[in-house]
Protein chains: 2
Amino acid sequence: MTLDGLPPHRGGAEELARLLARALLAGRWQPGAAFPRELDLCAHFDVSRNQVRNALASLTATGLIERTAGRGTVVREINDWHLLDPQMSEWMVGLTHPDPQLVREIFAFRYSAEPVVARLAAQAVETQDLERLESAFQGMTRTATDPEARSLHVEYDVAFHDAIYLASHNLVWRQMGHLLRPSIIALIQGSQAQVHQFQAGLEDSLDRHGQVLEAIRHRAPEAAESAAREVLRRTAIDLGIVTDSPLQSATASPADAEG
Amino acid sequence: MTLDGLPPHRGGAEELARLLARALLAGRWQPGAAFPRELDLCAHFDVSRNQVRNALASLTATGLIERTAGRGTVVREINDWHLLDPQMSEWMVGLTHPDPQLVREIFAFRYSAEPVVARLAAQAVETQDLERLESAFQGMTRTATDPEARSLHVEYDVAFHDAIYLASHNLVWRQMGHLLRPSIIALIQGSQAQVHQFQAGLEDSLDRHGQVLEAIRHRAPEAAESAAREVLRRTAIDLGIVTDSPLQSATASPADAEG
DNA sequence: GCTTGCTAAAATGTCAGACATTTAATAGGC
DNA sequence: GCCTATTAAATGTCTGACATTTTAGCAAGC
């Protein structure tokens, strides 16, 4: 596979890295396949070798590619990707055709993790966290009825979930807020077709979010945990993931992913 | 703070990055403080600017430092560290004096997450996963009685827990196996003093690990979840973390970390 | 025929020096 | 006193040459 069709780029090595990363995330190269050589990239994008090397260094750090002196650059398989790297999340945002498997896997993770995080949040929450949660929730409410403000609504949605992770007051958990962004964005893109249905579901979704907020406000761990689970059930529907126990369906049949 | 006392290094930029990272992890510089300039590092370690820049690029990617053209390099605070980056875990291994807060935070995470992962593992486990688990458990058993083989025992311990994460068959969860290594290593180092007590506790620990294995083998999610929790309770004791509800104590008092 | 070893090619890795850009401090003019 | 140019200091970038690692090919020798 060559570089044909990849758009030109303006700006530094970051832009180039983003470009290549998104091509990789979209599955443009098979795992194990050879990645273009440095000089070819220099020629194709008309940039210095320095920029190419910096960009490739980022891709290496996120586990997308593997480089060996003398042999060249090869594309790594999806199991080796550092999905928890914030950089990776940035690259995923706005991906026009995200890998459906990736969306499912990330959601399955959230479905199992987020209730626990909500429980922790209810135990550790402080004033500042509540302010964040309330602000985000109010933003969601305000932008719910206006179809024009959908992208803004998504931002508040991300902020709300991120606030839950932050409220856990754990150094590790709070880093995972990044994962929300691509996941929620994918949600919004997937449901572009059925807007009416979307509007109907929004009320339900909003209500469930509110219950999480209330549970955390009252420092009720059990309630927060189950309320968060309810939110994610709603999200599963919107994502088009099988409605009953999406967790099972997403994790119990990876036999073909063993290689 | 200068570079005085940092040992010389032989070998590439990776070694240099490791050296600097461990100094940062050990708290040699205060958050927000200025990090040495490129040319100073070149002079002190007698390496090319290229190597220094490559090393600093790694530190930037893991969120340890922040660089700005013209201003210089500053040390970031612990909240911004990418604790989930595999690179970071590598750097942490064998840290002689790990930050106690860090150990507590990582353990608090494991305490909340690992039971859920064990539950998933019991649902998604396959033959290959069971083989990994059994192999690791047998290794733990074999090396339990011999005080000489303690470091080997730790390796099997890490392998056992990693196998649980792998058995979840989720792309996100399975990446977190890295977090185990520094956590478990810290455990072994912390209990170096009371060896007798250690030997006594080992039997208990081993027994609890075995119950997790059995629960997963029988595909019993509930049992796996509570068995995993029991393992971590034992670990909490060995880590010297407060025995009752370590989760609370580790997360409910971060008021001083707010800045 | 098989192995061994040398050689050459191709790829990534490293170096050194000059130059560009960004930022902050400083001096001067009004 | 405020605004603006100048200067210094730091990181960022470019370029060309060279080093190192890996692979493949080919040839000599058993």
Side-chain angles (χ1 to χ4, degrees), chain A residues 1-3 8-21 23-24 29-76 80 87 90, chain B residues 1-3 8-21 23-24 29-76 80 87 90:
Chain A
M1 186 62 74
T2 66
L3 293 166
H9 82 116
R10 52 193 187 288
E14 287 183 10
E15 177 79 14
L16 179 56
R18 193 181 111 97
L19 200 79
L20 295 173
L24 282 161
W29 288 275
Q30 292 295 325
F35 197 75
R37 299 163 300 180
E38 291 184 354
L39 293 179
D40 288 343
L41 292 169
C42 293
H44 184 82
F45 293 104
D46 189 34
V47 295
S48 74
R49 195 171 157 225
N50 227 335
Q51 293 215 27
V52 168
R53 284 184 61 77
N54 286 340
L56 294 182
S58 294
L59 302 185
T60 306
T62 48
L64 287 173
I65 60 175
E66 185 176 8
R67 315 194 69 201
T68 319
R71 194 172 348 178
T73 304
V74 298
V75 178
R76 300 183 70 175
D80 298 323
Q87 180 72 266
E90 277 182 36
Chain B
M1 184 65 71
T2 67
L3 292 166
H9 81 118
R10 49 189 190 290
E14 286 183 10
E15 178 79 12
L16 180 57
R18 194 181 109 99
L19 200 79
L20 295 173
L24 283 161
W29 288 275
Q30 292 295 323
F35 197 77
R37 299 164 301 181
E38 292 183 353
L39 293 178
D40 289 343
L41 293 168
C42 293
H44 183 84
F45 293 106
D46 189 35
V47 296
S48 72
R49 194 170 159 226
N50 226 334
Q51 292 214 27
V52 168
R53 285 184 60 78
N54 286 340
L56 293 183
S58 294
L59 302 185
T60 305
T62 49
L64 287 173
I65 60 176
E66 185 176 8
R67 317 195 68 203
T68 319
R71 193 173 349 178
T73 304
V74 298
V75 179
R76 301 183 70 177
D80 298 324
Q87 180 72 268
E90 278 182 35

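All values below were derived from every heavy atom in this structure, side-chain atoms included, with hydrogens, water molecules and symmetry-related copies excluded. Note on naming: letters A, B, ... go to the chains in the order of the sequence lines (proteins, then strands), and numbering restarts at 1 for each one. Here the structure is a predicted model, which means the values were calculated and not measured.
- Put simply, A:R53 has a side-chain N or O that comes within less than 4.0 Å of OP1 or OP2 on C:dG13.
- Annotation: proximity of residues 55-64 of chain A to DNA chain C (heavy atom, distance under 4.0 Å) is found for no residue.
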Every protein N/O lying under 3.5 Å from an N/O of nucleotides 15-17 of chain C:
residue: C:dC15; atom: OP1; partner: B:Q51; partner atom: NE2; Å: 2.9
residue: C:dC15; atom: OP2; partner: B:S48; partner atom: OG; Å: 2.6
residue: C:dC15; atom: OP2; partner: B:Q51; partner atom: NE2; Å: 3.2
residue: C:dC15; atom: O5'; partner: B:S48; partner atom: OG; Å: 3.4

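- A straight line from CG of B:L39 to P of C:dA18 spans 14 Å, rounded to a whole angstrom.
- With values rounded to the nearest 0.5 angstrom, A:C42 atom SG is found 11.0 Å from A:R37 atom CZ.
- Note that CD of B:E14 is 7.5 Å distant from OG of B:S58, once rounded to the nearest 0.5 Å.
- Put simply, B:T73 has no side-chain N or O that comes within less than 4.0 Å of OP1 or OP2 on D:dA10.
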- [ ] For the pair B:R67 and B:R53, evaluate side chain to side chain contact (heavy atoms under 4.5 Å, CB included) and give the outcome as yes or no after the intermediate values.
- [x] CA-CA 11 Å; B:R67 317 195 68 203; B:R53 285 184 60 78; 3.9 Å; yes

- [ ] Determine, stepwise, if the pair A:F35 / A:L41 fulfils side chain to side chain contact (heavy atoms under 4.5 Å, CB included).
- [x] CA-CA 10 Å; A:F35 197 75; A:L41 292 169; 4.1 Å; yes

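- For the pair A:D40 CG and C:dA11 P, the computed distance is 7 Å after rounding to whole Å.
- Using a 4.5 Å heavy-atom threshold, the side chains of B:L39 and B:R49 count as touching.
- Atom CG in A:L56 sits 7.5 Å away from atom CG in A:L16 (nearest 0.5 Å).
- Remark: of the listed residues A:D80, A:L20, A:L24, A:L24 is the sole one forming a side chain to side chain contact (heavy atoms under 4.5 Å, CB included) with A:I65.
- Within the model, atoms OG1 of A:T62 and CD of B:Q87 stand 12.5 Å from one another, a figure rounded to the nearest 0.5 Å.
- Separating the CD atom of B:E66 from the C1' atom of C:dT23 is a distance of 14 Å, rounded to the nearest angstrom.
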Task: Worked verdict on B:R71 versus B:E66 for salt bridge (Lys or Arg N to Asp or Glu O under 4.0 Å) - done: CA-CA 10 Å; B:R71 193 173 349 178; B:E66 185 176 8; over 6 Å; no

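- You'll find that the side chain of B:R37 is closest to D:dA9, out of D:dA9, C:dT23, C:dT22.
- Listed pair A:T68 / D:dT21 fails the phosphate criterion, with no side-chain N or O lying under 4.0 Å from OP1 or OP2.
- Nearer the 5' end of DNA chain D, as judged by each residue's closest nucleotide, is the contact made by A:N54, out of A:N54 and A:G70.
- In the set C:dT12, D:dG12, D:dT22, D:dG12 carries the atom at the smallest distance from any side-chain atom of B:R67.
- Rounding to whole angstrom units, CZ of residue B:R71 and P of C:dA25 are separated by 10 Å.
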